Structures are given as structure tokens and as C-alpha cells.
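This report refers to the structure that appears directly beneath it.
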Amino acid sequence: VCENKQKNNEIKTISNKEAQKKIISDILNEMKKYYQIIDSQGLLKFEDVFTKSGETYSGSEGQEYYFCKLLALNNVLKHSFPIIIDSFREGELSSTKEELMIEEYKKLNKQVILTSTLKNEEYDSDKYFNIEGLNVIDYSNIKDSKILQEENVREFLKLIEKFGINE
């Protein structure tokens with residue numbers, strides 16, 4: 001009986017390792033697919049889901065890497081969670097790549113929240129306000145560090161009580 005349990009465990013372990021290899025392979029293939037879409041002339045090589053020690057991506061390369069990885073994980077794992085990217089465009093992405101990324105986010109058919117500090121030229125051109133399918137929320141008229149102003153605290157506390165959160 002003990003030998004059978006041990007063999008079953010060994011078979012399960014081998015099966016799990018094969019499943020893990022398949023998932024990693026699928027994620028890498030998805031990453032490569034997205035990289036082709038946003039930077040077909042790019043030089044990044046995705047050899048593993050995680051970067052190696054001493055290997056870092058920065059600037060626009062970092063932005064591209066994390067975009068590809070995030071969407072690949074979303075597609076392979078098929079999770080239902082929203083995607084939230086703080087400081088979208090942090091790596092000084094070109095406008096063309098940024099537009100391609102936004103289109104790919106829209107294709108996910110799920111909530112995607114991108115935050116960014118806009119430059120005056122972007123406000124002047126209504127850059128994001130004219131993209132179909134985007135819900136733009138502009139907080140520029142609110143003082144820094146004052147999003148929850150004193151006069152709104154009571155109403156906010158009532159709202160979060162609905163989620164079981166008390167002071």
C-alpha cells in the first residue's frame with residue numbers, strides 16, 4: 001500500500017512539473033506575441049517569466065516588458081481581476097507604443113485602470129479624452145495630497161461601511 005502511494009505521488013509530481021513547464025511556455029509565448037505587436041523591431045528576449053539576477057529592464061524597455069508579462073499572465077491564468085497600472089507611461093513610451101498598448105488593454109474586455117500625470121501639451125490636445133472606450137478621470141483641479149477633502153470625509157465613511165470597514 002505504501003509503495004502504491006509513493007508511486008502515485010511521484011506520478012503527480014511529474015505531472016505537476018509538466019503542467020508548470022507548459023504554463024511557463026504559454027506565458028512566454030504570449031509575452032512574445034504582445035512584444036511583436038508593440039515593438040516588432042525590439043531587441044528584448046523573453047527566456048523566463050522572471051528576470052535573471054543582475055538583469056533589469058528600465059525606461060521604455062521596462063514598460064514594454066511589464067506590459068507583455070501582465071497581459072500574458074492575464075490570458076494564460078484567465079483571472080477575473082481588474083488590471084491596475086500606476087504611472088502608466090513612466091518609461092517615456094513613444095506615443096505609437098502607448099496607443100498600441102491601450103488598444104490591447106481595451107481588447108481584454110475587463111476593467112483596466114491606468115494612472116498617469118499628464119503634461120500640459122497632452123491636456124491642450126485632449127490626448128486621452130478623444131480615445132473611444134476610455135473613461136478619463138481628471139484630478140488636476142484637486143490640490144496635491146487633498147483628494148479626500150475634509151467636507152467629504154463623512155460621506156466617504158458611510159460608503160466604506162457598506163464594505164464592512166469601520167473607522
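Given the structure is predicted, the values throughout are model-derived calculations rather than measurements.
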Short question: side chain of Lys110, backbone of Ile83 - any donor-acceptor pair under 3.5 Å?
no
Output the distance between atom CG (Leu134) and atom CG (Leu114), rounded to the nearest 0.5 Å.
8.0 Å
Is atom CZ of Phe156 surrounded by more than 12 heavy atoms (other residues, nucleotides or ligands) closer than 6.0 Å?
no
Between Glu18 and Lys21, is the salt bridge (charged side-chain N to carboxylate O under 4.0 Å, His left out) condition met? List the steps.
CA-CA 5 Å; Glu18 289 170 4; Lys21 284 180 185 176; over 6 Å; no
Given side chains that start at C-beta, do those of Lys106 and Met101 come closer than 4.5 Å, heavy atoms only?
no
CD1 of Ile137 to CG of Asn135: how many Å apart, nearest 0.5 Å?
5.0 Å
Can you tell me how the ring of Tyr65 sits relative to the ring of Phe46, calling it parallel under 30°, perpendicular over 60° and tilted otherwise?
tilted
Can you tell if the side chain of Phe88 reaches within under 4.5 Å of the side chain of Gln63, non-hydrogen atoms only?
yes
Check for me, please, whether Leu159 and Val153 land in the same ILVMFWY cluster - side-chain distances under 4.5 Å, paths through other members count.
no
For Glu150, is the CD atom crowded, meaning more than 12 foreign heavy atoms sit under 6.0 Å from it?
no
Heavy atoms of Lys97 and Ile38 approach each other most closely as CG-O, 3.3 Å
Out of curiosity, does Ile131 fall in the hydrophobic cluster containing Leu100 (side-chain heavy atoms, cut-off under 4.5 Å, transitive links)?
yes
Atom of Leu71, atom of Glu104 and distance for their closest heavy-atom approach:
CD2-CB, 3.9 Å
Who pairs with Lys119 by salt bridge (charged side-chain N to carboxylate O under 4.0 Å, His left out), at least two apart in sequence or on another chain?
Glu92
Check whether Asn74 reaches the backbone of Leu70 with its side chain - one donor and one acceptor, N or O, closer than 3.5 Å.
no
Evaluate the criterion side chain to side chain contact (heavy atoms under 4.5 Å, CB included) for residue pair Ile23 and Val76; output intermediate values, then yes/no.
CA-CA 7 Å; Ile23 289 171; Val76 172; 4.2 Å; yes
Sequence neighbours excluded, which residues qualify as side-chain hydrogen bond (donor to acceptor under 3.5 Å, both in side chains) partners of Glu30?
Lys33, Asn75
Main-chain N/O of Glu121 paired to Ser125 side chain as donor or acceptor, under 3.5 Å:
yes
Go through it in stages, so that I can follow the logic: the residues are Tyr35 and Phe67, the test is ring-ring contact (aromatic ring centres under 6.0 Å, His included), and I'd like the CA-CA distance, side-chain angles, deciding distance and then a yes or no.
CA-CA 9 Å; Tyr35 192 55; Phe67 166 82; 9.9 Å; no
Looking at every heavy atom in both Val49 and Leu28, which two are closest together, and how far apart are they?
N-CD2, 3.9 Å
If every non-hydrogen atom of Glu122 is compared with every non-hydrogen atom of Thr117, which pair is closest and at what distance?
OE1-O, 4.3 Å
Say whether Leu77 and Ile84 are linked into one hydrophobic cluster, either directly or through other cluster members, by side-chain heavy-atom distances under 4.5 angstrom.
no
Under 4.5 Å between side-chain heavy atoms, counting indirect links through other Ile/Leu/Val/Met/Phe/Trp/Tyr residues: same cluster for Leu93 and Ile113 or not?
no
Could you walk me through whether Tyr105 and Ile85 pass side chain to side chain contact (heavy atoms under 4.5 Å, CB included), step by step?
CA-CA 11 Å; Tyr105 282 128; Ile85 309 293; 3.7 Å; yes
Measure the OG-CD distance between Ser60 and Glu64 for me, rounded to the nearest 0.5 Å.
5.0 Å
Within the distance-only criterion (no hydrogens, no angle test), does the side chain of Lys32 pair as donor or acceptor with the backbone N or O of Lys45 below 3.5 angstrom?
no
Rounding to 0.5 Å, atoms CD1 (Ile27) and SG (Cys68) come to a distance of 13.0 Å
Can you name the nearest heavy-atom pair linking Lys127 to Ser95, along with the distance?
NZ-OG, 3.6 Å
Between CG on residue Asp48 and CE on residue Met31, distance to nearest 0.5 Å
9.0 Å
Tell me, please, which residues at least two apart from Tyr128 pass ring-ring contact (aromatic ring centres under 6.0 Å, His included).
none
Taking the side chain as every heavy atom from C-beta outward, state whether Phe50 and Lys69 have any atom pair closer than 4.5 Å.
yes
